[in-house]
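Everything numeric here is computed off the predicted structure, so don't read it as measured data.
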Amino acid sequence: CFPKLFLQIFISHNMSLGVFMLISLVKQAAAVLEGFDIEIIEKHHNQKIDAPSGTALMIADAIKEVRNEAEYVYGRAEKNKRRQKNEIGFHSIRGGSIVGEHDVILAGEDEIVEISHSVSSRKVFAAGAIKAAAFTVNQKPGYYTMKEMIDTLTANKNN
């Protein structure tokens with residue numbers, strides 16, 4: 001239960017519009033490609049502490065919305081067993097000055113679908129934050145997300 005708000009609050013763990021689109025596409029693919037195995041590979045700079053990244057977890061959480069039985073598996077080096085059908089595998093790479101890359105592999109029988117997003121500059125996050133601020137300032141007091149912003153922008157373009 002949130003307290004009554006007198007201002008607008010925008011909530012997103014990643015301000016990239018491209019990441020939002022990646023998550024939307026992956027969620028749709030996970031729903032349609034039911035029997036496919038899913039692995040998430042994320043790459044960041046060598047100073048990043050968390051693994052997997054918050055964005056990788058956002059991707060997996062979106063998949064879990066359409067695959068309720070999904071379980072997260074972090075790396076496979078110590079597993080020594082076959083992959084289970086309900087797993088979402090995470091693989092984290094840390095090196096150099098990689099700003100952020102996320103690859104989602106959906107592997108089925110005789111076909112593979114890969115959906116990727118790569119950021120080469122942090123300017124992407126600033127541009128998303130500016131767009132979010134411009135959107136939020138015109139809204140009523142309350143909490144807003146990237147999905148609501150994209151839905152509003154899409155509806156306005158279709159009118």
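- In the hydrophobic clustering of this structure, M21 does not group with V104; members are Ile, Leu, Val, Met, Phe, Trp, Tyr whose side-chain heavy atoms approach within less than 4.5 Å, directly or through other members.
- For H45, the NE2 atom sits in a packed shell: over 12 heavy atoms of surrounding residues, nucleotides or ligands are nearer than 6.0 Å.
- The two residues A56 and E42 have their closest heavy-atom pair at CB-CG, 3.9 Å.
- Between S116 atom OG and I41 atom CD1 the span is 8.5 Å, to the nearest 0.5 Å.
- To the nearest 0.5 Å, the span separating CG on L22 from CG on L17 amounts to 12.5 Å.
- Contact detail for A132 and M15: the closest heavy-atom pair is CB-CE, 3.5 Å.
- Residues F36 and E109 have side chains not in contact (no heavy-atom distance under 4.5 Å, counting atoms from C-beta outward).
- Not a single donor-acceptor pair under 3.5 Å links the side chain of Q139 to the backbone N or O of T136.
- A chain of hydrophobic side-chain contacts below 4.5 Å, direct or via other Ile, Leu, Val, Met, Phe, Trp or Tyr residues, connects V32 to I88.
- Side-chain contact, S53 with H102: a donor N or O sits under 3.5 Å from an acceptor N or O.
- Residue K131 places its NZ atom among 12 or fewer non-hydrogen atoms of other residues, nucleotides or ligands, all under 6.0 Å distant.
- Residues T152 and Y144 are not in side-chain contact: their nearest non-hydrogen atoms beyond the backbone lie 4.5 Å or more apart.
- Summarising the geometry, atom CD1 belonging to I59 is positioned 16.0 Å from atom NZ belonging to K64; distances are rounded to the nearest 0.5 Å.
- F90 and Y74 have their aromatic ring centers within a separation under 6.0 angstrom.
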Show the numbers, then the answer: is there a side-chain contact (heavy atoms from CB on, under 4.5 Å) between I38 and R67?
CA-CA 11 Å; I38 300 176; R67 292 194 180 185; 3.4 Å; yes
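- Here the CD1-CD1 distance, from I115 to I23, works out to 11.5 Å after rounding to the nearest 0.5 Å.
- Counting heavy atoms from C-beta outward, L7 and P141 have side chains that stay 4.5 Å or more apart.
- At least one side-chain heavy atom of D37 sits less than 4.5 Å from a side-chain heavy atom of R83.
- Side chains of Y72 and I40 form no contact here, defined as non-hydrogen atoms less than 4.5 Å apart.
- The existence of a salt bridge linking R76 and E39 is confirmed by a sub-4.0 Å separation between a basic side-chain nitrogen and an acidic carboxylate oxygen.
- Contact annotation: the side chain of F10 approaches that of F135 to within less than 4.5 Å [non-hydrogen atoms, C-beta and beyond].
- When all heavy atoms of L57 and P52 are compared, the pair lying nearest together is CD2-CG, 3.9 Å.
- Atom CZ of F20 and atom CG of L25 lie 10.0 Å apart (nearest 0.5 Å).
- The side-chain heavy atoms of T55 and H13, taken from C-beta on, include no pair separated by under 4.5 Å.
- Put simply, I63 and V113 are part of the same group of oily side chains (I, L, V, M, F, W, Y) that touch within less than 4.5 Å, one to the next.
- Partners of H117 according to the ring-ring contact (aromatic ring centres under 6.0 Å, His included) rule, which considers only residues two or more places apart in sequence or in another chain, do not exist here.
- To the nearest 0.5 Å, atom CG of residue L106 and atom CD of residue E114 are 9.0 Å apart.
- For E69, the CD atom sits in a packed shell: over 12 heavy atoms of surrounding residues, nucleotides or ligands are nearer than 6.0 Å.
- At least one side-chain heavy atom of E65 sits under 4.5 Å from a side-chain heavy atom of K27.
- Just one residue in the list R94, K48, H91, E101 forms a side chain to side chain contact (heavy atoms under 4.5 Å, CB included) with K43, and that residue is E101.
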